[in-house]
Amino acid sequence: MEAAAAATGLAQRPVVLYPSPGMGHLVSMIELGKILGARGLPVTIVVVEPPYNTGATGPFLAGVSAANPSISFHRLPKVERLPPIKSKHHEALTFELVRISNPHFREFLAAASPAVLVLDFFCSIALDVAEELRVPAYFFFTSGAGVLAFFLYLPVLHERTTASFQDMGEEPVHVPGIPPFPATHSILPIMERDDAAYDGFLKSFKDLCRSHGVIVNTLRLLEQRAVETVAAGHCTPPGLPTPPVYCIGPLIKSVEVVGKRGEECLAWLDAQPSGSVVFLCFGSLGRFSAEQIREVAAGLEASGQRFLWVVRAPPSDDPAKKFAKPPEPDLDALLPEGFLARTKGRGLVVRSWAPQRDVLGHASVGGFVTHCGWNSVLEAVMAGVPMLAWPLYAEQRLNRVFLEKEMRLAVAVEGYDTDTGLVAAEEVAAKVRWLMDSEGGRRLRERTLEAMRQAKDALREGGESETTLAGLVDEWKKRT
């Protein structure tokens with residue numbers, strides 16, 4: 001850390017970033033670190049390693065360090081085992097992991113003496129350490145402002161009823177600044193009030209109000225109503241202060257290591273007509289049953305459209321393998337017989353991974369079927385690619401509501417929220433055809449292109465997001 005600072009002539013007191021484990025949160029925090037480093041701030045990113053698999057981070061972090069000399073990483077001692085937790089959600093494990101790591105984090109923070117601390121909301125327990133050591137602490141919110149409005153308002157909803165969201169059915173939930181949404185579309189890990197994950201979220205979002213501010217990975221114009229409502233204090237629980245809100249996005253992954261598999265994807269896209277391909281990709285945790293994979297395949301074949309589809313192995317029924325790295329999918333066993341031969345030329349199926357940012361930015365891609373993870377949404381916006389929404393986990397159902405009802409940048413597939421959760425082949429075919437070859441799909445594309453233009457304007461020098469970030473950096477430099 002000191003060597004990096006000396007090499008660049010920067011002050012010795014760093015800005016410390018503390019992301020939660022999991023690639024989605026880590027990648028977003030690293031992108032924040034890159035832009036802070038580019039503006040003259042030394043950055044240290046603290047990494048906490050869980051005893052369960054979240055993907056290989058070692059090579060990725062080494063590449064980030066090599067390309068960004070202003071960024072260093074500090075690994076906390078690995079937690080080898082977590083105590084039993086009353087939850088079926090991995091988010092509860094994350095809260096517990098950070099709690100157990102807090103003494104090690106305190107030891108590091110006291111030695112580092114940072115100018116500023118930026119926390120992921122899963123790491124909110126570290127706010128106690130920051131206050132003890134008198135380090136100004138901010139939160140970096142990796143979801144959008146609509147989700148932030150909901151979370152800030154969660155303590156109010158909690159006091160108004162004793163019912164769990166899962167028991168409320170389709171009853172609309174009303175939160176200032178965002179469209180009403182059915183209780184079934186609340187955040188998955190807080191559907192049950194007696195779950196440890198619910199308690200963790202409830203406490204975390206009260207902690208937001210104790211911070212110096214919340215940095216949000218969003219564009220104000222993309223979520224203007226939610227941003228203004230939060231900033232005005234209409235979502236903050238009574239008696240708590242409203243934290244300042246800083247919209248500095250969209251921040252998306254700046255560079256991807258494409259590799260051989262990625263090169264094959266991009267080479268195939270090079271041979272396709274402009275705007276002709278629909279891209280299907282569902283995030284690092286997005287895995288379908290074998291039955292659902294067959295339905296998607298049948299729907300894509302029936303649609304007649306060109307497609308690039310990332311297929312992951314179905315989830316295991318073995319609880320012991322819940323967090324294990326999934327195997328490569330057996331396409332011959334999963335896909336309908338003859339599917340690959342019949343769709344050869346107009347379709348490409350890739351195993352497990354594709355360079356999503358580069359694929360979305362390719363001229364041949366004209367539509368995106370997405371799980372509505374916020375990073376994926378922002379990548380689609382920055383590429384000007386319209387979306388079909390197919391939410392799977394975490395806050396994605398809520399994102400789907402905002403995308404369709406508020407931003408009007410997506411249309412949802414039907415069936416994901418039924419008892420079976422199965423989206424039929426006929427629905428896949430109909431929605432893909434609508435997206436790629438209808439007047440409604442063309443209007444959706446135009447709105448997405450306008451959102452792209454607004455986002456790029458906001459990130460340019462003097463743009464709204466860039467100016468917000470510059471003001472924050474100037475304030476932090478005074479503390480170094």
Item to complete: Give a yes or no answer on whether the side chain of D330 reaches the backbone of A333 with a donor-acceptor pair at less than 3.5 Å.
Response: yes
Fill in: V423 side chain near E414 side chain, heavy-atom distance below 4.5 Å
no
Practice prompt. Decide whether D195 and S87 meet the rule of one side-chain donor and one side-chain acceptor closer than 3.5 Å.
Written response: yes
Discussion item. Please determine whether a side-chain nitrogen of the Lys or Arg among E446 and R443 lies less than 4.0 Å from a carboxylate oxygen of the Asp or Glu.
Written reply: no
Practice prompt. Would you indicate whether the side-chain heavy atoms of D120 and M29 approach each other to under 4.5 Å?
Written response: yes
Worksheet item: When you check the gap from the basic side-chain N to the acidic O, do R342 and E301 get nearer than 4.0 Å?
Response: yes
Worksheet item: Got a second to check how far Y246's OH is from I215's CD1, nearest 0.5 Å?
Response: 8.0 Å
Worksheet item: Using 30° and 60° as the class limits, which term best fits the ring planes of F151 and F141: parallel, tilted or perpendicular?
Response: perpendicular
Item to complete: With the side chain counted from C-beta on, respond yes when V349 and F339 share a heavy-atom pair under 4.5 Å apart, and no when they do not.
Response: yes
Worksheet item: Say you draw a straight line from CG of L459 to CD of E464; how long is it, rounded to the nearest 0.5 Å?
Response: 10.5 Å
Discussion item. For N399 and W374: C-alpha separation, side-chain torsions, deciding distance, then whether side chain to side chain contact (heavy atoms under 4.5 Å, CB included) applies.
Written reply: CA-CA 7 Å; N399 286 341; W374 191 243; 4.1 Å; yes
Worksheet item: Atom CZ of R357 and atom OG of S254: how far apart are they, to the nearest 0.5 Å?
Response: 6.5 Å
Worksheet item: Do L222 and M407 come within less than 4.5 Å of each other through their side chains, counting heavy atoms only?
Response: yes
Worksheet item: Salt-bridged, K253 to E31, with N to O below 4.0 Å?
Response: no
Fill in: Ring center gap for F402 and F181 short of 6.0 angstrom
no
Worksheet item: R294 and E291: salt bridge (charged side-chain N to carboxylate O under 4.0 Å, His left out), yes or no, with the steps?
Response: CA-CA 5 Å; R294 289 191 294 271; E291 181 183 12; 5.8 Å; no
Discussion item. Could you tell me if S72 and T44 have a donor-acceptor pair between their side chains, going purely by distance under 3.5 Å?
Written reply: yes
Worksheet item: So, for F288 and W390, is the gap between ring centers shorter than 6.0 Å?
Response: yes
Discussion item. For a quick check under 3.5 Å, do T142 and S28 share a side-chain donor-acceptor pair by atom type?
Written reply: no
Fill in: Y393 and H90: CA distance, side-chain angles, deciding distance, ring pair (Phe, Tyr, Trp, His ring centres under 6.0 Å) verdict
CA-CA 11 Å; Y393 53 90; H90 72 87; 7.5 Å; no
Discussion item. Could you check whether any side-chain N or O of S376 sits under 3.5 Å from a backbone N or O of C372, counting only pairs where one atom can act as donor and the other as acceptor?
Written reply: no
Discussion item. Just checking F279 against F368, ring centres under 6.0 Å apart?
Written reply: yes
Fill in: Any donor-acceptor N/O pair, R447 side chain to R408 backbone, under 3.5 Å
yes
Discussion item. Using a 3.5 Å distance criterion without hydrogens, assess whether the side chain of E466 forms a donor-acceptor pair with backbone atoms of G462.
Written reply: yes
Fill in: Gap separating the CG atom of L392 from the CZ atom of R400, nearest 0.5 angstrom
13.5 Å
Worksheet entry | Step-by-step side chain to side chain contact (heavy atoms under 4.5 Å, CB included) determination, L403 to M387 | CA-CA 9 Å; L403 280 167; M387 290 168 270; 4.0 Å; yes
Worksheet item: Are the side chain of K477 and the backbone of L472 linked by a donor-acceptor contact shorter than 3.5 Å?
Response: no
Worksheet item: Backbone N or O of L435 within a donor-acceptor pair of the R445 side chain at under 3.5 Å?
Response: yes
Worksheet item: CZ of R346 to CD of Q272: how many Å apart, nearest 0.5 Å?
Response: 11.0 Å
Practice prompt. Determine the minimum heavy-atom distance between L360 and A380, stating which atoms define it.
Written response: CD1-N, 3.9 Å
Fill in: R433 side chain vs A302 backbone, donor-acceptor pair below 3.5 Å
yes
Worksheet item: Of the non-hydrogen atoms in V48 and S101, which two are nearest, and what is the gap between them?
Response: CG2-OG, 3.4 Å
Discussion item. Could you walk me through whether E439 and R442 satisfy the side chain to side chain contact (heavy atoms under 4.5 Å, CB included) test, starting with their C-alpha distance in whole Å, then the side-chain angles of each, then the deciding distance to 0.1 Å, before giving a yes or no?
Written reply: CA-CA 5 Å; E439 182 59 32; R442 282 188 284 274; 3.3 Å; yes
Worksheet entry | salt bridge (charged side-chain N to carboxylate O under 4.0 Å, His left out) partner of E328, chosen from R261, R312, R351 | R261
Practice prompt. Taking all non-hydrogen atoms of both residues into account, name the closest pair between I30 and I45 and its distance.
Written response: CG1-CD1, 3.8 Å
Discussion item. Are F282 and W309 an aromatic pair, judged by ring center distance below 6.0 Å?
Written reply: no
Worksheet item: Looking only at atom types and distance, does a side-chain atom of R287 sit under 3.5 Å from a main-chain N or O of P314, one as donor and one as acceptor?
Response: yes
Worksheet item: Hey, is the main chain of E91 close enough, under 3.5 Å, to the side chain of H89 for a donor-acceptor pair?
Response: no
Worksheet item: What is the distance from atom CD of E295 to atom CD of E426, rounded to the nearest 0.5 Å?
Response: 6.5 Å
Practice prompt. Let me see the working for W476 and Y138 under ring pair (Phe, Tyr, Trp, His ring centres under 6.0 Å), right down to the final yes or no.
Written response: CA-CA 11 Å; W476 291 356; Y138 294 74; 5.1 Å; yes
Worksheet item: Going by atom types only, do R397 and Y416 share a side-chain donor-acceptor pair under 3.5 Å?
Response: no
Discussion item. Quick check: Y18 with H25 (ring centres under 6.0 Å apart)?
Written reply: no
Worksheet entry | S204 side chain vs F201 backbone, donor-acceptor pair below 3.5 Å | no
Item to complete: For side-chain hydrogen bond (donor to acceptor under 3.5 Å, both in side chains), just list the numbers for T218 and E223, CA-CA rounded to whole Å, side-chain angles, deciding distance to a tenth of an Å, and then say yes or no.
Response: CA-CA 8 Å; T218 195; E223 302 186 88; 2.5 Å; yes
Item to complete: Mind running side chain to side chain contact (heavy atoms under 4.5 Å, CB included) on N217 and I248 for me, showing each step along the way?
Response: CA-CA 6 Å; N217 187 11; I248 64 165; 5.7 Å; no
